[in-house]
There are 2 protein chains.
Amino acid sequence: MSPTHTGGTAGATAVPADLDPCGREDHPDCGIRDVLDRIGDKWSVLVIVELAGGPRRFRELQRAIDGISQRMLTLTVRRLERDGLVLRTVYPTVPARVDYRLTGTGAGLTHLVKALAEWSLTHRAAIAEARSRYDRAHPGHDIR
Amino acid sequence: MSPTHTGGTAGATAVPADLDPCGREDHPDCGIRDVLDRIGDKWSVLVIVELAGGPRRFRELQRAIDGISQRMLTLTVRRLERDGLVLRTVYPTVPARVDYRLTGTGAGLTHLVKALAEWSLTHRAAIAEARSRYDRAHPGHDIR
DNA sequence: CCGTATCCGACATGATACTG
DNA sequence: CAGTATCATGTCGGATACGG
């Protein structure tokens, strides 16, 4: 395929209205960023997935999520709590016992996360192949 | 009783753990990370959303996505290309003309992104409120 | 127009030690 | 057990300048 065509560009030119929550693109922050930042960070999704299996204590989470440091687990779980996605409960026993569970809002997110996870699995092979193909075609040119 | 609890908008709804795409929870890295890293980074989603409206040239993307630097647009679009989510076409004109469009795989991701965007919009208010409530209840204690 | 190449600061994350 | 505090560091992303 040698695309020599400089004529009219094919396809629609407008962003579908249902995908443009900002109204205008010159307004970068429109709410979706907040959620995406949470979804995107290294550990939140793993915490959500783990909590989807039911309430967990701090140490249970840490053991379940391989590689997470105490500090990052604390931060992650605090941010999720702050956003109202996770409910933190402290039992005044000795030693203290704390458990975490998804709120209704958080549980709703799990459906999306689940869809994302399924999509990932479905396309994992294709993506891996695309990557190696790209790397083969562009030697020495590292992106990542 | 009266366990001290903070945060959370509604009562927790336990979700059955059919979410584990890895088979085992002690093995959290199973491909979903790759996709999440792409979803999670600052610009990929915005590029995908923009391309959902049809093919775009480099400058069009940059103008549409407010705040993105040339460097980051290049990197973002290259990574998406490498993953086989975006197709890059170079027309040998002078000056060069390049356009980007979603591949079939990339278009599939659009649906998920769209779902995520809708979820964000729906819960934006609740999240914002949860945050300010948290911040009110925990003064001086910043998480972000 | 469409990039690439550098430099650099800010922030996220990790390691470690300490507390209630 | 469930954190907090502190320090070190690696990466991300922005600004800028240059090149095809």
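This structure is a prediction, so every number in the text was calculated from the model and none was measured. So you know, we letter chains A, B, ... as the sequences are listed, proteins then strands, and number each from 1.
- With sequence neighbours left out, B:E60 forms a salt bridge (Lys or Arg N to Asp or Glu O under 4.0 Å) with no residue at all.
- Remark: B:L87 pairs with B:T89, B:R101, B:T103 by the side chain to side chain contact (heavy atoms under 4.5 Å, CB included) rule, at least two apart or across chains.
- Between A:R78 atom CZ and C:dA12 atom P the separation is 17 Å, expressed in whole Å.
- B:D99 has its CG atom 15 Å from the P atom of C:dC1, to the nearest Å.
- Checked against salt bridge (Lys or Arg N to Asp or Glu O under 4.0 Å), A:D135 has the following partners two or more places apart in sequence or in another chain: B:R82.
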Please enumerate all protein N or O atoms sitting under 3.5 Å from an N or O of nucleotides 14-20 of chain C, with distances to 0.1 Å.
unit_1 : atom_1 : unit_2 : atom_2 : d
C:dG14 : OP1    : A:K42  : NZ     : 2.8
C:dG14 : OP2    : A:W43  : NE1    : 3.3
C:dG14 : N7     : A:R71  : NE     : 3.4
C:dG14 : O6     : A:R71  : NE     : 3.4

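- Atom CZ in B:R59 sits roughly 11 Å away from atom C1' in C:dG3 (whole-Å rounding).
- Take B:V86 and apply the side chain to side chain contact (heavy atoms under 4.5 Å, CB included) test, not counting sequence neighbours, and it matches B:L51, B:L80, B:Y100, B:L102.
- Side-chain contact check for A:V45 versus A:I39: some heavy-atom pair is nearer than 4.5 Å.
- The distance between atom CG of B:D41 and atom P of C:dC11, rounded to the nearest whole Å, is 19 Å.
- Checked against ring pair (Phe, Tyr, Trp, His ring centres under 6.0 Å), A:Y134 has the following partners two or more places apart in sequence or in another chain: A:H138.
- Contact check on A:D83 versus B:R131 returns a salt bridge, with a Lys/Arg side-chain nitrogen under 4.0 Å from an Asp/Glu carboxylate oxygen.
- Inter-axis angle, ends of the helix from C:dG3-D:dC18 to C:dG20-D:dC1, five pairs per end, rounded to 10 degrees: 30°.
- In this structure, the NE2 atom of A:H141 is 10 Å from the C1' atom of C:dG3, given to the nearest Å.
- Distance, B:I143 CD1 to C:dA12 C1': 14 Å, rounded to whole Å.
- Judged by closest nucleotide on DNA chain C, B:R57 is the one of B:T74 and B:R57 placed further toward the 5' end.
- Protein chain A contacts DNA chain D over a range whose 5' and 3' limits, counting nucleotides with an atom under 4.0 angstrom from a non-hydrogen atom, are D:dC1 to D:dT6.
- The CZ-P distance, from B:R63 to C:dG3, rounds to 14 Å in whole Å.
- With sequence neighbours excluded, the residues satisfying side chain to side chain contact (heavy atoms under 4.5 Å, CB included) with A:D37 are A:R33.
- Taking the side-chain hydrogen bond (donor to acceptor under 3.5 Å, both in side chains) definition, one finds that B:R59 meets it with B:Q62, sequence neighbours left out.
- Evaluation of the side chain to side chain contact (heavy atoms under 4.5 Å, CB included) rule for B:S69 yields B:R71, B:M72 as partners, not counting sequence neighbours.
- Here B:W43 pairs with nothing under the ring pair (Phe, Tyr, Trp, His ring centres under 6.0 Å) rule; sequence neighbours left out.
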